[in-house]
Amino acid sequence: MRYFKIIKKTLPIFLSFFFTLPSYSYSQQSTDKVYIVGVVPQYAIKVIHSIWLPILKELEKETGLKFKIKGSPNIPAFEKSMHAGEYDFVYMNPYHLVWSQDTQKYVPLVRDHGRQLNGVLVVRKDSSITDVKQLDGKTIAFPSPNALGASLLMRAELNKKHNISITPRYVNSHDSVFLNVVFKQTDAGGAVQRTLSKQQSKIKDQLKVLYRTEKVNPHPFASHPRISKAIADSVQKGLMAISKDENVNKLLSKIPMKNMGLATLDDYDYVKQLGLDEFRVGNYHK
């Protein structure tokens, strides 16, 4: 009889311990998962890590998830990884998001609501070119084929809106674009206002903006559709939460993402309507 009393007293404790085991095991498995984050290489890998690692650390604290950056040496390498679905989460340019709908169908979570992107076309300040139509048949420098504002939007608008045929020269960076124009290696150059504004006065003062493209919504931070809605929602809410912290907001402004808000695929309709596929270089669908 004494043994039955002991069992009666200890059984609830034992059952409580037993039934919490599956939950504990699931929790451990969940926190051990490391999510791979891709970042379009606008800057050198070292600079990207200096910007993104502190942000992801704050996001880890907020969500309880773990993240790891997968670097890319250049944009074509990034695009191959994107189309192979190697990223769980990714910061990409708007055309990358639209392009990914053919393959991986990334889902936008957040974007900057404080600004929009557009390309600028620069010529030398002393150039005789005063109208964009004078560039028909000319050579124009671009940082890379698939840079959105500086190259894709610019080449698409020159062709479709102005019926201009040009010879592109891809020079690997925005800085090189400006130098090509300054030293008369090309007749004009495609870039974005932010990189033009950051040029030294001795370069910037020799240039003038001839043309600006239409504005589009900026780079989204997106999730792969294999990521569960619960996890994607957690990351979305986590990013929104940490963006309200003054110190984290300073880090986010370096991306730049100065006024974070929610993002949807509809935000990028103009990019989709432009039909940029015919102007891109490279096909990484396989």
Side-chain angles (χ1 to χ4, degrees), residues 40-48 72-79 93-96 115-216 218-219 254-256 270-271 274-283:
V40 63
Q42 297 168 294
Y43 315 110
I45 290 177
K46 184 178 180 181
V47 176
I48 287 173
S72 302
N74 50 50
I75 289 179
F78 168 83
E79 290 168 346
N93 80 36
Y95 176 64
H96 286 144
R115 66 191 178 94
Q116 289 185 300
L117 293 178
N118 69 304
V120 295
L121 193 64
V122 298
V123 295
R124 281 181 58 94
K125 195 168 280 186
D126 60 4
S127 172
S128 61
I129 296 173
T130 57
D131 187 279
V132 70
K133 291 192 178 295
Q134 291 175 263
L135 289 172
D136 191 31
K138 303 291 188 183
T139 299
I140 299 179
F142 300 99
S144 65
N146 298 338
L148 180 66
S151 185
L152 278 172
L153 280 179
M154 187 64 69
R155 288 184 290 124
E157 289 195 11
L158 290 178
N159 180 272
K160 294 189 174 186
K161 292 177 71 172
H162 300 283
N163 198 29
I164 291 172
S165 177
I166 56 98
T167 300
R169 178 182 294 174
Y170 303 114
V171 296
N172 297 323
S173 72
H174 288 253
D175 290 348
S176 293
V177 166
F178 301 128
L179 290 174
N180 267 263
V181 177
V182 166
F183 291 108
K184 301 182 180 180
Q185 299 301 303
T186 59
D187 299 284
V192 293
Q193 184 63 53
R194 179 166 50 86
T195 54
L196 176 60
S197 300
K198 288 183 177 181
Q199 293 301 301
Q200 295 180 7
S201 296
K202 63 182 180 181
I203 300 296
K204 186 167 53 177
D205 291 348
Q206 296 188 64
L207 300 169
K208 65 180 178 182
V209 175
L210 179 71
Y211 177 77
R212 299 178 189 272
T213 68
E214 293 288 335
K215 292 183 177 181
V216 299
H219 296 42
K254 295 178 181 180
I255 294 176
Y270 178 71
V271 178
L274 267 178
L276 297 178
D277 288 357
E278 64 183 282
F279 298 95
R280 74 162 180 252
V281 174
N283 189 344

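The basis for the numbers below is simple: all heavy atoms, side chains too, and nothing from hydrogens, waters or symmetry mates.
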- Query: Should Asn159 and Phe279 be marked as a side-chain contact (heavy atoms from CB on, under 4.5 Å) after you check the CA-CA gap, both sets of side-chain angles, and the distance that decides it?
  - Reply: CA-CA 10 Å; Asn159 180 272; Phe279 298 95; 3.8 Å; yes
- Message: So, using side-chain hydrogen bond (donor to acceptor under 3.5 Å, both in side chains) as the criterion, who are the partners of Ser127 when residues are at least two apart?
- Response: none
- Item | Donor-acceptor under 3.5 Å (Arg194 side chain, Pro256 main chain) | no
- Can you measure from CZ (Phe78) to NE2 (His96) and round to the nearest 0.5 angstrom? 5.5 Å
- Message: Taking side chain to side chain contact (heavy atoms under 4.5 Å, CB included) as the definition, give me every residue that meets it alongside Asp126, ordered by chain and number, with sequence neighbours left out.
- Response: Arg124
- Message: Does anything in residues 120-145 form a ring-ring contact (aromatic ring centres under 6.0 Å, His included)? List the pairs, not counting sequence neighbours.
- Response: none
- Message: Taking atom CD as the centre, does Glu278 end up with more than 12 heavy-atom neighbours from other residues, nucleotides or ligands that are less than 6.0 angstrom away?
- Response: yes
- Derivation of the side-chain contact (heavy atoms from CB on, under 4.5 Å) call for Val182 and Ile203: CA-CA 7 Å; Val182 166; Ile203 300 296; 4.1 Å; yes
- Message: If the condition is side-chain hydrogen bond (donor to acceptor under 3.5 Å, both in side chains), which residues does Lys138 pass it with, not counting sequence neighbours?
- Response: none
- Message: Measuring from atom CG of Leu210 to atom CG of Asp187, what distance do you get when rounded to the nearest 0.5 angstrom?
- Response: 11.0 Å
- Query: salt bridge (charged side-chain N to carboxylate O under 4.0 Å, His left out): which pairs involve residues 200-216, sequence neighbours left out?
  - Reply: Lys161-Glu214
- Given side chains that start at C-beta, do those of Leu158 and Ile140 come closer than 4.5 Å, heavy atoms only? yes
- Message: Could you work out, with side chain to side chain contact (heavy atoms under 4.5 Å, CB included) as the rule, every residue matching Ser173, not counting sequence neighbours?
- Response: Asp175, Ser176
- What are the two closest heavy atoms between Gln193 and Val209, and how far apart are they? OE1-CG2, 4.4 Å
- Message: Please give me the minimum heavy-atom distance between Gly190 and Val177, naming the atom from each residue.
- Response: O-CG1, 3.5 Å
- Asn74 CG to Asn172 CG distance, which is reported to the nearest 0.5 Å: 9.0 Å
- Task: Determine the minimum heavy-atom distance between Pro218 and Gln116, stating which atoms define it.
- Result: CD-CA, 4.3 Å
- Nearest heavy atoms of Met154 and Gly119, plus distance in Å: CE-C, 3.6 Å
- Can you list every ring-ring contact (aromatic ring centres under 6.0 Å, His included) pair that touches residues 162-181, not counting sequence neighbours? His162-Tyr211
- Query: Okay, side chain of Asp136, backbone of Ile164: is any donor-acceptor separation there less than 3.5 Å?
  - Reply: no
- Measure from the side-chain N and O atoms of Arg169 to the backbone N and O of Gln185, and report whether any donor-acceptor pair falls under 3.5 Å. yes
- Task: Compare every heavy atom of Val181 with every heavy atom of Ala188, then report the nearest pair and how far apart it is.
- Result: C-CG2, 3.5 Å
- Message: According to side chain to side chain contact (heavy atoms under 4.5 Å, CB included), who are the partners of Ile48, at least two apart in sequence or on a separate chain?
- Response: Val39, Pro41, Tyr43, Trp52
- Using a 4.5 Å cut-off on heavy atoms from C-beta on, say whether the side chain of Asn118 contacts that of Leu153. no
- Start with the C-alpha distance between Thr195 and Lys198, add both sets of side-chain angles, then the distance that settles side-chain contact (heavy atoms from CB on, under 4.5 Å), and finish with yes or no. CA-CA 5 Å; Thr195 54; Lys198 288 183 177 181; 5.7 Å; no
- Query: Between the side chain of Asn146 and the main-chain N/O of Leu152, is any donor-acceptor distance below 3.5 Å?
  - Reply: no
- Query: What ring-ring contact (aromatic ring centres under 6.0 Å, His included) pairs are there with at least one residue in residues 183-209, not counting sequence neighbours?
  - Reply: none
- side chain to side chain contact (heavy atoms under 4.5 Å, CB included) partners of Asp131, counting only residues at least two apart: Lys133, Gln134
- Set of side-chain hydrogen bond (donor to acceptor under 3.5 Å, both in side chains) partners for Thr167, sequence neighbours left out: none
- List the atom of Val123, the atom of Ile129, and the distance in Å for their closest heavy-atom pair. CG2-O, 4.2 Å
- Note on the structure: Sorted by chain and number, sequence neighbours left out, side-chain hydrogen bond (donor to acceptor under 3.5 Å, both in side chains) with Thr186 holds for none
- Under a 4.5 Å cut-off applied to non-hydrogen side-chain atoms, are Leu135 and Leu121 in contact? yes
